There are 2 protein chains.
Amino acid sequence: MTRSPLTRDEVLDAAAALVRQSGPQALTMRGLAAELGTAVTSIYWHVGNRESLLDALVERTVADLGEIRPRGGTPQERVVSVARALRRLLRAHPHLVAMVHERGLTERMFLPAQQALVHEVHAAGLRGARAAEAVRAVQFQVVGHVLVERNRERAPVQRPGEEDLWAETDTATAAAEDDRALARALAAPVDPERVFTTSVRALVKSLLEAGT
Amino acid sequence: MTRSPLTRDEVLDAAAALVRQSGPQALTMRGLAAELGTAVTSIYWHVGNRESLLDALVERTVADLGEIRPRGGTPQERVVSVARALRRLLRAHPHLVAMVHERGLTERMFLPAQQALVHEVHAAGLRGARAAEAVRAVQFQVVGHVLVERNRERAPVQRPGEEDLWAETDTATAAAEDDRALARALAAPVDPERVFTTSVRALVKSLLEAGT
DNA sequence: ACCTGAACACCGTTCAAGT
DNA sequence: ACCTGAACACCGTTCAAGT
């Protein structure tokens, strides 16, 4: 029994599954061919080469990203909600951010969120260059945070362990020494979601205050 | 004329040069051997394998990172100065952040800056969990921004180009339509240094206000 | 139009053999 | 203790040959 003829979409689907699961470096042409039950060289006929295969993959994923609807009563809340939605979207495609950036598609990927942000920032009274800066700041903040968070997840065992560092060192600052709660909080594992919300809220608060 | 005997440090130095210039993926054992004028297998005797070579490299670089001295009159200014110093340090080692994260050495790398931040945040009146959160927020902010900035640099040609996107689309929000300055600012190329300073200042302002 | 295997130039790594 | 070349199992990619 012979397999049905290979299509470009089939190749992309299989590649997407591999990348989604284990990242782009896990996508080998030979592995993909095995997955598809075809000769390696067939893939080349459909997608060119590995690089353009990844290009196509990224393009397709970016195009499929959903809308972003701001929620909340105040501009502050609404901007924060856009940031959170953006984070959730990016986390759903763990390898997307890096791949998109490498291909120079960041701006395109961000357009929907950017427009939502522009709207809210405008509603908060910011204008001109100041408004643009606020939008950019939030954009950098979200992507940056997601990148850091992802990197942390890939390195689950923080080897020296922040806890030990704060316990060991006698260079621990006086500040931390006479603030047990602070020392304890710094020794505790990081909750990225919490850090994210705190940071975004703080950032947005300051940025929007400038408009009032 | 035979070469002087190979040393571990020689290997690390050559590897560091390669990584610094073109990133870890450009470091091949064979290329390194060629650079050193030895057989590939000699390197294995000195450093084990590629992975432990990179480990050693990262460890050495992290250990060599300099001090961080806060500058400025107010806690605000001093925290911002730490963030800027941190950014400068990371930018001097373009591939370090990612490599450090992958190896779970982030906390160790950040310890000096973290202690400086703790001190300043404490001086600003923050205590306990709140102080820890502020420190974490700044830390994530800086690393995140540097990661985004690095990614941008690696992708110099933003293909659809943000400018065109804002020019083309008739989905451009009303906000942008009646604010020419905003549209122009969003169409202009991003100045990452400026975004960084704006963001950090805004973030720190909010975070430290909580302590007063 | 679509698929195939053979072949090429690259990897990292192991190993037995040299000095 | 240190270095070596040969060999193995992987890559991505090209190409001539099939249907």
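Only a predicted model underlies this, so the values are computations on that prediction, with no experimental measurement involved.
- Here H46(B) does not reach the OP1 or OP2 of dA1(D): none of its side-chain N or O atoms lies under 4.0 Å away.
- With sequence neighbours left out, D13(A) forms a side-chain contact (heavy atoms from CB on, under 4.5 Å) with R60(A).
- No salt bridge links R88(B) with E193(B); every basic N to acidic carboxylate O contact stays at or beyond 4.0 Å.
- Within residues 18-31 of chain B, the residues having any heavy atom closer than 4.0 Å to DNA chain C are, in order of number, L27(B), T28(B), M29(B), R30(B).
- Side chains of D55(A) and S52(A): a donor-acceptor N/O pair is absent below 3.5 angstrom, by distance only.
- The distance between atom CG of L6(B) and atom C1' of dT4(D), rounded to the nearest whole Å, is 13 Å.
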Seminar exercise, completed: For DNA chain C, the expected dot-bracket line (Watson-Crick or G-U under 3.5 Å, [ ] crossing, | inter-strand) is ||.|||||...|||||.||
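- Separating the CZ atom of R50(A) from the P atom of dT14(D) is a distance of 14 Å, rounded to the nearest angstrom.
- More than 12 heavy-atom neighbours from other residues, nucleotides or ligands sit within 6.0 angstrom of CZ on R50(B).
- Proximity note for W45(B) (side chain, C-beta onward) versus dT13(D), dC3(C), dC3(D): the nearest is dC3(D).
- E59(B) and R108(B) are joined by a salt bridge, as a carboxylate oxygen and a charged side-chain nitrogen come within less than 4.0 angstrom of each other.
- Ranked by how close their nearest DNA chain D nucleotide is to the 5' end, T41(B) and E51(A) are led by T41(B).
- Checked by atom type, the side-chain pair H145(B)/E149(B) shows a donor-acceptor distance below 3.5 Å.
- Remark: the T61(A) side chain and the D64(A) side chain contain no N/O donor-acceptor pair separated by less than 3.5 Å.
- Going from atom CD of E10(B) over to atom P of dC2(D) covers 13 Å, rounded to whole Å.
- The shortest distance between side-chain heavy atoms of R20(A) and H95(A) does not fall below 4.5 Å.
- Candidate nucleotides dC2(C), dG12(C), dT13(D) were compared by shortest atom distance to the side chain of N49(A), and dT13(D) ranks first.
- The distance from atom CD1 of I43(B) to atom C1' of dT14(C) is 15 Å, rounded to the nearest whole Å.
- Checked for salt-bridge contact, E77(A) and R71(A) miss the test: no charged N lies under 4.0 Å from a carboxylate O.
- Across the protein-nucleic acid pair, Y44(A) atom OH and dC15(D) atom P stand 13 Å apart, rounded to whole Å.
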